[in-house]
Visitor: 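Here it is: the structure, laid out below.
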Amino acid sequence: MMDKIDKRDRAPVFRARLAEAMAARGITQAALARATGVDRSTISALLQPGTRLPNAQLAADCARALGISADWLLGLSGRPEPIADLLAASLTLTEAPRALIDERIFAWHQEAAGYKIRHVPATLPDMLKIRGVVEWEYEPQLGRTAEQAIGAFEDRLAWMRGAGSDYEIALPVHELRAFATGTGYYEGLSADLRLAQLRHLQTLCAQLYPSLRLCLFDARKLFSAPVTIFGPLLAVIYLGRHYLAFRDTARVETITQHFDLLVREADVGARDMPAHLDALCARVGESR
């Protein structure tokens, strides 16, 4: 938040910021005068010590001509970008192709290397899947390119695991239950693959804890859309065909608080996952 500026100090702030913006953009007094429709002497006077603030119209015209925020020019904001530009930078909507860690997601992981990454996946997390499950899920769409795509996916997984980021993943209880029973989204997935996947999860949870923490929440008590929070940098909501990405601190913090609530209220915490996975493995084994 900006400190309150005494109105007597606002004119020097305006003068300094006007000169700074003109210099940054290489705009002369004459050029700014033409752009704002005033005499050159008027712009010259604005830059002289002791000059009072211009009227609102001229201040707005100067800001528009310079491509900056009038609030910043008047000392009311700490950012020079216009509000529309700030919003565009803080909120983006990008296409989400059906792919194994697509280019956009991978770029976000690279940007957040070393930060804690919080994740509520749409299904079982791709980064925790064994190859057989990946092939079952993606081959119908990838077709002849499946082998190449899965190879690239595995290379990126290797990079992510060496990037120094901690991963905290929250799943609905019903998602893992549906996986174990081969129902819903996972209908048609063989019991052998399901059992191998669950045992792989057991291994990962045991070997990588605490850098990998997996917990399960009850979606009847707390619901969450698929979301990934890349440290303090950005929060991304998965819409299906698009990613909705937020970069402003307030929204990233709000979504982070939502995730932390899922973890606090989890029915199965990270320490309890091995026992829970044991029970699911036994359930799959009985059904074979």
Side-chain angles (χ1 to χ4, degrees), residues 88-143 145-172 175-176 179 185-186 197 200-201 204-205 208 211-215 217 223-249 251-260 262-263:
S90 65
L91 172 61
T92 57
L93 188 69
T94 58
E95 188 176 357
R98 176 69 170 163
L100 287 162
I101 310 185
D102 64 72
E103 295 295 334
R104 173 58 61 184
I105 284 287
F106 187 57
W108 284 330
H109 276 278
Q110 289 177 307
E111 182 182 351
Y115 286 111
K116 180 178 180 179
I117 295 175
R118 300 167 172 88
H119 184 38
V120 180
T123 62
L124 197 66
D126 281 345
M127 66 177 297
L128 303 183
K129 289 173 184 171
I130 60 173
R131 188 180 181 94
V133 172
V134 170
E135 291 173 344
W136 172 84
E137 187 171 7
Y138 285 92
E139 271 191 342
Q141 176 188 336
L142 296 173
T145 63
E147 184 67 25
Q148 180 181 359
I150 292 171
F153 164 69
E154 290 174 334
D155 289 342
R156 290 181 174 186
L157 278 186
W159 181 91
M160 288 165 59
R161 288 169 180 161
S165 295
D166 285 353
Y167 285 86
E168 190 164 23
I169 300 172
L171 270 171
E175 186 71 29
L176 211 51
F179 180 86
Y185 181 84
Y186 304 102
Q197 176 66 76
H200 180 64
L201 284 179
L204 291 178
C205 288
L208 301 180
S211 61
L212 170 66
R213 295 187 291 281
L214 177 64
C215 69
F217 63 91
F223 173 78
S224 180
V227 60
T228 305
I229 306 157
F230 296 89
L233 305 177
L234 75 156
V236 180
I237 299 175
Y238 177 59
L239 302 179
R241 294 186 62 188
H242 294 86
Y243 299 118
L244 186 62
F246 300 93
R247 285 189 177 274
D248 58 297
T249 301
R251 287 181 176 84
V252 173
E253 288 181 351
T254 297
I255 297 172
T256 299
Q257 290 168 7
H258 160 75
F259 181 92
D260 290 344
L262 297 178
V263 173

Visitor: Rounded to the nearest 0.5 Å, how far does NE2 of His258 lie from CD1 of Ile237?
Guide: 8.5 Å
Visitor: Which residues satisfy the ring-ring contact (aromatic ring centres under 6.0 Å, His included) test with Phe179, sequence neighbours excluded?
Guide: Tyr186
Visitor: Applying salt bridge (Lys or Arg N to Asp or Glu O under 4.0 Å), can you list everything that pairs with Glu253, at least two apart in sequence or on another chain?
Guide: none
Visitor: Check whether any side-chain heavy atom of Glu137 lies under 4.5 Å from a side-chain heavy atom of Thr123, and answer yes or no.
Guide: yes
Visitor: For a salt bridge (charged side-chain N to carboxylate O under 4.0 Å, His left out) check, start with the C-alpha distance between Lys129 and Glu135, then their side-chain angles and the critical distance, and finish with the verdict.
Guide: CA-CA 10 Å; Lys129 289 173 184 171; Glu135 291 173 344; over 6 Å; no
Visitor: Could you pull out the closest heavy-atom pair between Glu175 and Leu124, with the gap in Å?
Guide: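 Closest approach of Glu175 to Leu124, heavy atoms only: OE2-N, 3.9 Å.
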Visitor: Suppose we screen for side chain to side chain contact (heavy atoms under 4.5 Å, CB included). Which residues come up paired with Ile130, at least two apart in sequence or across chains?
Guide: Val133, Leu193, Ala196, Gln197, His200
Visitor: With a 4.5 Å heavy-atom cut-off, do Pro172 and Phe217 have their side chains touching?
Guide: yes
Visitor: I'd like to check Leu262 versus Cys215 (side-chain heavy atoms, cut-off strictly below 4.5 Å). Are they in contact?
Guide: no
Visitor: According to ring-ring contact (aromatic ring centres under 6.0 Å, His included), who are the partners of Tyr243, at least two apart in sequence or on a separate chain?
Guide: Trp108, Tyr238
Visitor: Calculate, to the nearest 0.5 Å, the distance between atoms CD1 and OH belonging to Ile117 and Tyr167 respectively.
Guide: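 OH of Tyr167 is found 3.5 Å from CD1 of Ile117.
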Visitor: Could you state the interatomic distance from CD (Gln257) to CG (Asp260), rounded to the nearest 0.5 Å?
Guide: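 Atom-to-atom, Gln257:CD and Asp260:CG are 7.5 Å apart.
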Visitor: Quick one: does Arg156's side chain get under 4.5 Å of Glu103's, heavy atoms only?
Guide: yes
Visitor: Supply the atom-to-atom distance His119 NE2 to Glu168 CD, rounded to the nearest 0.5 angstrom.
Guide: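 Reported value, rounded in 0.5 Å steps: 12.5 Å.
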Visitor: Could you pull out all residues at least two apart from Val252 that satisfy side chain to side chain contact (heavy atoms under 4.5 Å, CB included)?
Guide: Ile229, Ala235, Thr256
Visitor: Measure from the side-chain N and O atoms of Ser165 to the backbone N and O of Tyr115, and report whether any donor-acceptor pair falls under 3.5 Å.
Guide: yes
Visitor: With the side chain counted from C-beta on, respond yes when Leu204 and Leu214 share a heavy-atom pair under 4.5 Å apart, and no when they do not.
Guide: no
Visitor: Just how far is it from atom CG of Asp248 to atom CZ of Arg251, taken to the nearest 0.5 Å?
Guide: 4.5 Å
Visitor: Test Phe153 against Asp126 for side chain to side chain contact (heavy atoms under 4.5 Å, CB included), laying out the working first.
Guide: CA-CA 9 Å; Phe153 164 69; Asp126 281 345; 4.1 Å; yes
Visitor: Looking only at heavy atoms, which two atoms of His109 and Trp159 are closest? And how far apart?
Guide: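 The answer is O-CH2, 3.9 Å.
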Visitor: Just jot down the salt bridge (Lys or Arg N to Asp or Glu O under 4.0 Å) partners of Asp155, sequence neighbours excluded, or say none.
Guide: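 If we apply the salt bridge (Lys or Arg N to Asp or Glu O under 4.0 Å) test to Asp155, skipping adjacent residues, there are no hits.
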Visitor: Can you find a pair of side-chain heavy atoms, one from Val120 and one from Pro226, that are under 4.5 Å apart?
Guide: no
Visitor: Within a strict 4.5 Å, meaning less than it, do heavy atoms of the Pro121 and Ile169 side chains meet?
Guide: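 Touching, per the 4.5 Å side-chain cut-off.
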Visitor: Should Ile255 and Arg118 count as side-chain neighbours, where that means a heavy-atom distance under 4.5 Å?
Guide: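 Heavy-atom side-chain distance check fails, nothing below 4.5 Å.
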Visitor: Give the minimum heavy-atom separation between Ala112 and Leu233, together with the two atoms involved.
Guide: CA-CD1, 3.9 Å
